[in-house]
**Q** 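What follows is a single structure, and I will ask about it in a moment.
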Amino acid sequence: MGKLTVAALRAVLMIVFVGTLFIQALMAWVLVSGSDPEDGTLPLTAFRVATIVGMVAVQVAVVCVGRLVTMVRRGTVFSHAAFRYVDGVIGAIVAAALVWFTVTAINAPGQRDDPGVTLIMGGIGVAILGVALIVLVLRMLLAQAVARDVEAAQMQAELDEVI
């Protein structure tokens, strides 16, 4: 991975992380300060809490991807230590899907006249879970690569003994 690519990815990750912190702080301030303009038409408090939790999921994914980028840069990504971060990304994606399903459920009563919106939102939640499955498949590929790397190291050690 090139230095420019790593720098650009780190910049994007940092911007996303700071942005999620800003959104969380804003949502928490509105909840704590009592200046919530909730008029009863929408359950804004529930949406704000879901937003805060969703931002935590994004932050976990950002930190895990950042650690994986560091491992790629150092050439240590094909190790058992990488699984912890890949599992973190998978967990964050599943958590984001659960938050999205929660938002869909909160929004559903207001969509009685147009249930298609709720179906579309549910479909988006399923798509988010699909992304988690894709990352799970990539984790399995990583596991195969790590196993092959270990096997190659063992074969090299045996060859060194013979020579």
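Numbers for residues simply follow the sequence, beginning at 1. All values derive from a computational prediction rather than experimental measurement.
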**Q** Taking only residues two or more places apart in sequence, or in another chain, which ones meet A127 in a side-chain contact (heavy atoms from CB on, under 4.5 Å)?
**A**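 With sequence neighbours excluded, A127 shows a side-chain contact (heavy atoms from CB on, under 4.5 Å) to no residue whatsoever.
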**Q** Please give me the minimum heavy-atom distance between F78 and V146, naming the atom from each residue.
**A**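 That closest heavy-atom pairing would be C-CG2, 3.5 Å.
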**Q** Looking only at heavy atoms, what is the nearest atom pair of A61 and V89, with distance?
**A**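 Shortest heavy-atom contact: O-CG2, 4.2 Å.
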**Q** Nearest heavy-atom pair of G88 and C64: which atoms, and what distance?
**A**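 Between these two residues, the closest heavy atoms are CA-SG, 3.7 Å.
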**Q** Going hydrophobic residue to hydrophobic residue with side-chain gaps under 4.5 angstrom, can you get from L142 over to M140?
**A**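 Shared cluster, yes.
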**Q** Provide the closest heavy-atom pair for A108 versus T118 in the form atom of the first, atom of the second, distance.
**A**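 Taking A108 first and T118 second, the nearest heavy atoms are CA-OG1, 3.7 Å.
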**Q** Are F22 and V56 connected into the same hydrophobic cluster when the rule is that any two of I, L, V, M, F, W, Y join if their side-chain heavy atoms are below 4.5 Å apart?
**A**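 No, it is not one cluster - the side chains of V56 and F22 are not joined through contacts under 4.5 Å.
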**Q** F17 and side chain to side chain contact (heavy atoms under 4.5 Å, CB included): which single residue from L21, L13, I15 fits?
**A**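 Filter result, single survivor: L21.
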**Q** For the CD atom of Q24 and the CE atom of M27, what is their distance to the nearest 0.5 Å?
**A**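 The CE atom of M27 is 10.5 Å from CD of Q24, to the nearest 0.5 Å.
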**Q** Looking at every heavy atom in both A97 and I128, which two are closest together, and how far apart are they?
**A**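 Where A97 meets I128 most closely, the heavy atoms are CB-CG2, 3.6 Å.
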**Q** Can you check whether L44 reaches V30 side chain to side chain, under 4.5 Å on heavy atoms?
**A**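 No; the side chains remain at least 4.5 Å from each other.
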**Q** Going from CD1 on I120 to CG on D114, what distance comes out if it is rounded to the nearest 0.5 angstrom?
**A**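 If I round to the nearest 0.5 Å, the distance is 7.5 Å.
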**Q** Which value, rounded to the nearest 0.5 Å, describes the distance between L31 atom CG and R48 atom CZ?
**A**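 Between L31 CG and R48 CZ, I get 6.5 Å after rounding to 0.5 Å.
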**Q** With clusters defined by side-chain heavy atoms of hydrophobic residues (ILVMFWY) lying less than 4.5 Å apart, directly or transitively, does M55 cluster with V60?
**A**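 In one cluster: no.
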**Q** Enter the distance from R10:CZ to T5:OG1 here, rounded to the nearest 0.5 Å.
**A**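 So the CZ of R10 and the OG1 of T5 are separated by 11.5 Å.
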**Q** Report whether M121 and I106 are members of the same hydrophobic cluster (ILVMFWY, side-chain heavy atoms less than 4.5 Å apart, transitive linking).
**A**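 Yes, one cluster joins them.
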**Q** With heavy-atom distances below 4.5 Å as the criterion, would you say the side chains of F101 and L129 are in contact?
**A**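 Yes, close enough: below the 4.5 Å cut-off.
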**Q** Any idea which heavy atoms bring A82 and M71 closest together, and the distance?
**A**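 Shortest heavy-atom contact: N-CE, 3.6 Å.
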**Q** Hey, mind stepping through V137 and L133 against side-chain contact (heavy atoms from CB on, under 4.5 Å) and telling me if it holds?
**A** CA-CA 6 Å; V137 169; L133 289 173; 5.8 Å; no
**Q** Does the side chain of L141 come within less than 4.5 Å of L138's, by heavy atoms?
**A**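 Heavy-atom side-chain distance check passes, below 4.5 Å.
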**Q** Taking the side chain as C-beta and beyond, is there a heavy-atom pair between D160 and Q156 under 4.5 Å?
**A**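 A side-chain contact under 4.5 Å exists here.
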**Q** Would you say L9 and V62 are hydrophobically clustered, going by side-chain heavy atoms of ILVMFWY under 4.5 Å?
**A**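 The answer is yes; both residues are in one hydrophobic cluster.
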**Q** For the CG atom of L68 and the CZ atom of R84, what is their distance to the nearest 0.5 Å?
**A**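 Taking CG in L68 and CZ in R84, the distance rounds to 10.0 Å.
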**Q** With the side chain counted from C-beta on, respond yes when N107 and V117 share a heavy-atom pair under 4.5 Å apart, and no when they do not.
**A**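 Yes, at least one pair of side-chain atoms sits under 4.5 Å.
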